[in-house]
Amino acid sequence: MDIMNNIAAGYGALKNAQVEQQYGISVQKKAMDVEELALQELQEMLPVGTPSPYGFDVRA
């Protein structure tokens with residue numbers, strides 16, 4: 001019976017690791033979505049088509 005307990009414990013640990021990994025990926029995706037929205041808002045705030053007063057344009 002000791003082997004069965006060890007197998008069950010190992011399987012439980014594996015499932016916990018998978019859940020933690022999926023949670024981490026979900027959090028990272030959400031952070032990337034928020035960052036993308038912030039970038040879009042920043043781009044909307046920038047003037048479009050106005051020349052730079054410094055004599056050069058800093059757009060890629």
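Atom CD of Q43 is separated from atom CD of E41 by 10.0 Å, given to the nearest 0.5 angstrom. If you take CD on Q21 and CG on N16, they are separated by 13.0 Å, rounding to the nearest 0.5 Å. In this structure, the separation between CD1 on I25 and CD on E20 is 12.0 Å, given to the nearest 0.5 Å. Atoms CG and CG, on L42 and L37 in that order, are 12.5 Å from each other to the nearest 0.5 Å.
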Note to self: Run Q28 and M32 through side-chain contact (heavy atoms from CB on, under 4.5 Å) and show every step you take.
What the structure shows: CA-CA 6 Å; Q28 187 175 13; M32 290 170 64; 4.3 Å; yes
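More than 12 heavy atoms of other residues, nucleotides or ligands sit less than 6.0 Å from atom CD of Q40. Other residues, nucleotides and ligands contribute over 12 non-hydrogen atoms within 6.0 Å of the CD atom of Q18.
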